[in-house]
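Quick notes on the structure that follows.
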Amino acid sequence: MGAAARSLEAMPQPSPATLPSPRRRRPQHQTTPGRRRPANRRPRPRRLVGRSAHVVGRLPESAAVRKISGSRLWIALIGVLLIGIVAINVLTVSYGAMASGIEGDIEKLERQNSILSSQTTRAMSMPRVREAASAAGMVAPATDEITYREFGPEVFAAAAQRLAAEGG
């Protein structure tokens, strides 16, 4: 090893190249009611919801609206809008009148229904049925003449055989 090689070894070696570290985002300052934003910071614009909100927000500044508002077309547009509002109000009033007419019909039908049910009750009352039965020659049995029949399983089996023989 020569003197030149030793002098190279004695020299400080350069460090390998490195990439700069990424910028760290500073945390956002949260404001409290008694604290203001720093003077050098601008307020961030509000974020609109979707593209339609952006379009509607910019509508008054659009060239089409400016041209319409400066011409006679503006009067026609306002006239059409007013006619539409009046038409909606007329429809609302007519629907209200129709609803009150339907309510009157409902009350009338409820009264007729109660009259008819009372007539049915009167027609089906027991004295009237007894009169009609006696006119047909029927008589009511005495209480000691009333009997009840009981049927056992053998009676049901015989009835089933008769039905099967008749094809029923």
Table please: side-chain donor-acceptor pairs of residues 121-139 below 3.5 Å, with sequence neighbours left out.
{"unit_1": "Thr121", "atom_1": "OG1", "unit_2": "Ser117", "atom_2": "O", "d": "2.8"}
{"unit_1": "Ser125", "atom_1": "OG", "unit_2": "Arg122", "atom_2": "O", "d": "3.0"}
{"unit_1": "Ser134", "atom_1": "OG", "unit_2": "Arg130", "atom_2": "O", "d": "3.3"}
{"unit_1": "Ser134", "atom_1": "OG", "unit_2": "Glu131", "atom_2": "O", "d": "3.0"}

ILVMFWY cluster membership beyond Val80 - transitive side-chain contacts under 4.5 angstrom: none

Apart from Tyr148 itself, residues in the same hydrophobic cluster as defined by side-chain heavy atoms under 4.5 Å: Ile146

Ile78 CD1 to Leu73 CG distance, which is reported to the nearest 0.5 Å: 10.5 Å

Spacing of CG belonging to Leu163 relative to CD belonging to Gln161, to within rounding of 0.5 Å: 10.5 Å

Show me the side-chain donor-acceptor pairs of residues 90-100 shorter than 3.5 Å, one per line, residues at least two apart or across chains.
{"unit_1": "Thr92", "atom_1": "OG1", "unit_2": "Ile88", "atom_2": "O", "d": "2.8"}
{"unit_1": "Ser94", "atom_1": "OG", "unit_2": "Val90", "atom_2": "O", "d": "3.4"}
{"unit_1": "Ser94", "atom_1": "OG", "unit_2": "Leu91", "atom_2": "O", "d": "2.8"}
{"unit_1": "Ser100", "atom_1": "OG", "unit_2": "Ala97", "atom_2": "O", "d": "2.8"}

Shortest non-hydrogen contact from Glu61 toward Arg66: O-NE, 3.7 Å

Pairs satisfying salt bridge (charged side-chain N to carboxylate O under 4.0 Å, His left out), at least one member in residues 132-157, at least two apart: none

Nearest-0.5 Å distance that lies between atom CD in Glu107 and atom CG in Asp105: 9.5 Å

Hydrophobic cluster membership, Leu82 vs Leu77, 4.5 Å side-chain cutoff: yes

Apart from Val155 itself, residues in the same hydrophobic cluster as defined by side-chain heavy atoms under 4.5 Å: Phe151, Phe156

